[in-house]
Amino acid sequence: MAAHQEKKTSEERKHKSTQNGTRASQVQWGRAWEVDWFSLASILFLLMFAPLIVYYFIMCCDQYQCSLTDPLTDLLTGKKHLSDIWNKTPTLTYRAVGIYTLWVTLQVVLYMFIPDFCHKFLPGYVGGVQEGAVTPAGVVNKYEINGLQAWIITHALWFANAYYFHWFSPTIIFDNWIPLLWCANILGYAVSTFAMIKGYFFPTNAKDCKFTGNFFYDYMMGIEFNPRIGKWFDFKLFFNGRPGIVAWTLINLSYAAKQQELYGHVTNSMILVNVLQGIYVLDFFWNEAWYLKTIDICHDHFGWYLGWGDCVWLPYLYTLQGLYLVYHPVQLGIAHAAGILMLGLMGYYIFRTTNHQKDLFRRTNGNCKIWGKKPEYIECSYMSVDGTKYHSKLMTSGFWGWARHFNYTGDLMGSLAYCLACGFEHILPYFYIVYMTILLTHRCVRDEHRCFSKYGKDWSRYTAAVPYRLIPGVF
Ligand code: NDP
């Protein structure tokens, strides 16, 4: 009887939505991309060149004092051959393999075997078992949120070693940076390839797989939505947060230690980079439960883009400012340093407040106050693959009324602050702001494409109400 009733309700829902004429497009949300020639060309470009780009940046620092142009000049004028550069590049070492294996193992242990205790004593912190968003197949996954704890334990061990045990030098990461790059690449490719094979042969949830028919696209953008091993080892949550983002602040600390070793002091620019990026990383872990509702977890499938990106691209290229400052110990004037600090903190404030406003709005289903007033919103609906209809709301108040992605704007301000801390002598530290601008602008387009597929006409009503994406009145 209950089953019959459920079936009837489902039929009614389907019927209603088909009448609206939106079903065909809505059930595709989250995976509606067709592999056009531009997507394919971009993917092939990234698969071929992204590892080389990472190598090039790190090599430039190692061999050319972080100049991006000198290696090219040397090659073009015949002063050096590719083989000269390659022969000077440190190779994979047993030491690096040992360090990397220990590092990843520690993070797996912290992720899998130590349930969160931070939420028991930190007021306002959301940790422990939490639910993710509804997937396109209508599944709601559970996650053990213990990233803050993993970050605290890892950093406590780091400082305990640096100031008490002295098992290894705090410059260990800098000193093995290129050999570790090979290890990170091995893990990045291994996990992406494993995820692809798993998607074909033993997916965690077959209904949440996406097969476009294009091998390269599937390898890059992923087949499985939420691949897991066992009940709790979630690939997306682990790889993005743990080897990547926990490492970020440790890498910066290692750079600061190297400055201390080389010059006898740590510059204010290095301190600024450590502090501003440290706030960003801590914010990420403090809000890890919120992260379950962001695009990486809610919409992206797990492929090379996330697997290799989290292992290699993120730890190597997001930390370029600190690396640069080891080679160029910039000491900023007080006004310059204060200006950068202000820009970084203001960016962080906008980034966090915007994200918080959406989170609060969604958690309370609009029953909250944004800037002291009841929020305004647009009612919308969408369907999962099984035809179940869901309702949602798009807020048009607060920063979400200023622009559709004002959180990205705050993020970009913070990113610019890290770069400006490095002065104006070289362009290498500015890679980050260029990259983040491309990433977040592309993300706007991707997200809006997906939201349009999901919400249809309701999304158009929203874009009419909030016409700008990043900068009100401009873009
Ligand atoms: P958002 O947190 O902005 O999430 C976008 C989703 O929010 C949309 O798909 C939609 O999802 C929902 N949404 C959109 N508009 C509204 C609205 N008006 N009201 C309510 N819900 C809305 O994007 P991201 O997940 O990309 O980013 C999260 C944060 O992470 C950002 O601050 C970003 O800057 C940062 N980030 C940092 C990166 C880095 O490398 N440093 C990389 C990527 C992101 P739904 O389907 O639920 O409606």
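For ligands, and for the atoms within them, numbers begin at 1 and follow the listed sequence.
Taking the six-membered ring where tryptophan is involved, the planes of Trp313 and Trp308 are tilted, since the angle between them lies from 30° to 60°.
If you number the atoms of ligand 1 from 1 as listed, the ones under 4.0 Å from a heavy atom of Cys451 come out as 8 (C), 9 (O), 10 (C). Every atom of ligand 1 with a heavy atom of Tyr455 under 4.0 Å away is listed here by number and element: 45 (P), 46 (O), 48 (O). Close contacts between ligand 1 and Arg450 involve ligand atoms 9 (O), 46 (O) [criterion: under 4.0 Å to a heavy atom]. Against a heavy-atom cut-off of under 4.0 Å, Leu439 is close to the following atoms of ligand 1: 40 (O), 42 (C). Less than 4.0 angstrom separates some heavy atom of Tyr462 from each of these atoms of ligand 1: 15 (N), 17 (C), 18 (N). Close approach of ligand 1 to Met436 is summarised as follows: ligand atoms under 4.0 Å from at least one heavy atom of the residue are 39 (C), 41 (N).
To the nearest 0.5 Å, atom CG of residue Leu292 and atom CD of residue Gln130 are 7.5 Å apart.
Counting heavy atoms closer than 4.0 Å to ligand 1, residue Val466 contributes nothing at all. When heavy-atom distances to ligand 1 are checked against a 4.0 Å cut-off, Tyr377 has no atom that comes that close, whether in backbone or side chain. Proximity of Arg362 to ligand 1, defined as any heavy-atom pair under 4.0 Å, is confined to the side chain (atoms from C-beta onward). Residue contacts with ligand 1 for Tyr291 are absent, since no atom lies close enough (heavy atoms, distance under 4.0 Å). Neither the backbone nor the side chain of Thr396 comes within contact range of ligand 1; no heavy atom lies under 4.0 Å. The backbone and the side chain of Leu394 each have at least one atom closer than 4.0 Å to an atom of ligand 1 (non-hydrogen atoms only). Of the heavy atoms in Arg443, only side-chain atoms (C-beta onward) come closer than 4.0 Å to ligand 1.
Taking any N or O of Trp290, backbone or side chain, none lies under 3.5 Å from an N or O belonging to ligand 1. The shortest N/O to N/O separation between Tyr318 and ligand 1 falls below 3.5 Å. Considering backbone and side-chain atoms together, Met395 places an N or O closer than 3.5 Å to an N or O of ligand 1. Ligand 1 has no N or O atom lying under 3.5 Å from any N or O atom of Ser392, backbone or side chain. Remark: ligand 1 and Asp411 share an N or O pair separated by less than 3.5 Å (distance only, no angle test).
One option in His299, Lys358, Arg352, His405 has a heavy atom closer to atom 7 (O) of ligand 1 than any other, and that option is Lys358. Of all the listed residues (Tyr408, Phe399, Phe351, Tyr390), Tyr408 holds the heavy atom that lies closest to atom 26 (O) of ligand 1. Taking all heavy atoms of Leu440, Val134, Asn407 into account, the minimum distance to atom 31 (C) of ligand 1 is reached by Asn407.
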Could you walk me through whether Tyr280 and Asp411 pass the side-chain hydrogen bond (donor to acceptor under 3.5 Å, both in side chains) check?
-> CA-CA 9 Å; Tyr280 193 77; Asp411 209 343; 2.9 Å; yes

Derivation and outcome, side-chain contact (heavy atoms from CB on, under 4.5 Å), residues Leu323 and Tyr316 | CA-CA 9 Å; Leu323 182 64; Tyr316 277 83; over 6 Å; no

side-chain contact (heavy atoms from CB on, under 4.5 Å) between Leu276 and Leu341: does it pass, once the steps are laid out?
-> CA-CA 8 Å; Leu276 290 176; Leu341 185 64; 4.2 Å; yes

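Tyr280 counts as a contact of ligand 1, since one of its heavy atoms falls under 4.0 Å from the ligand.
The pair Arg228-Glu144 does not count as a salt bridge, with every side-chain nitrogen at least 4.0 angstrom from each carboxylate oxygen. A salt bridge does not link Arg469 with Asp447: none of the charged nitrogens is closer than 4.0 Å to a carboxylate oxygen.
Cysteines Cys61 and Cys66 are disulfide-linked, with SG atoms closer than 2.5 angstrom.
Geometric assessment of Lys236 against the ring of Phe302 yields a negative cation-pi assignment under the 6.0 Å and 45° thresholds. Geometrically, Lys258 does not engage Phe174 in a cation-pi contact defined by less than 6.0 Å to the ring centre and at most 45° from the axis.
Outside the 6.0 Å centre-distance limit, the rings of Phe406 and Trp400 are not counted as a close aromatic pair. Taking the six-membered ring where the residue is Trp, the centroids of Phe284 and Trp248 are separated by 6.0 Å or more. In this structure, the ring of Tyr255 has its center no less than 6.0 angstrom from the ring center of Tyr324.
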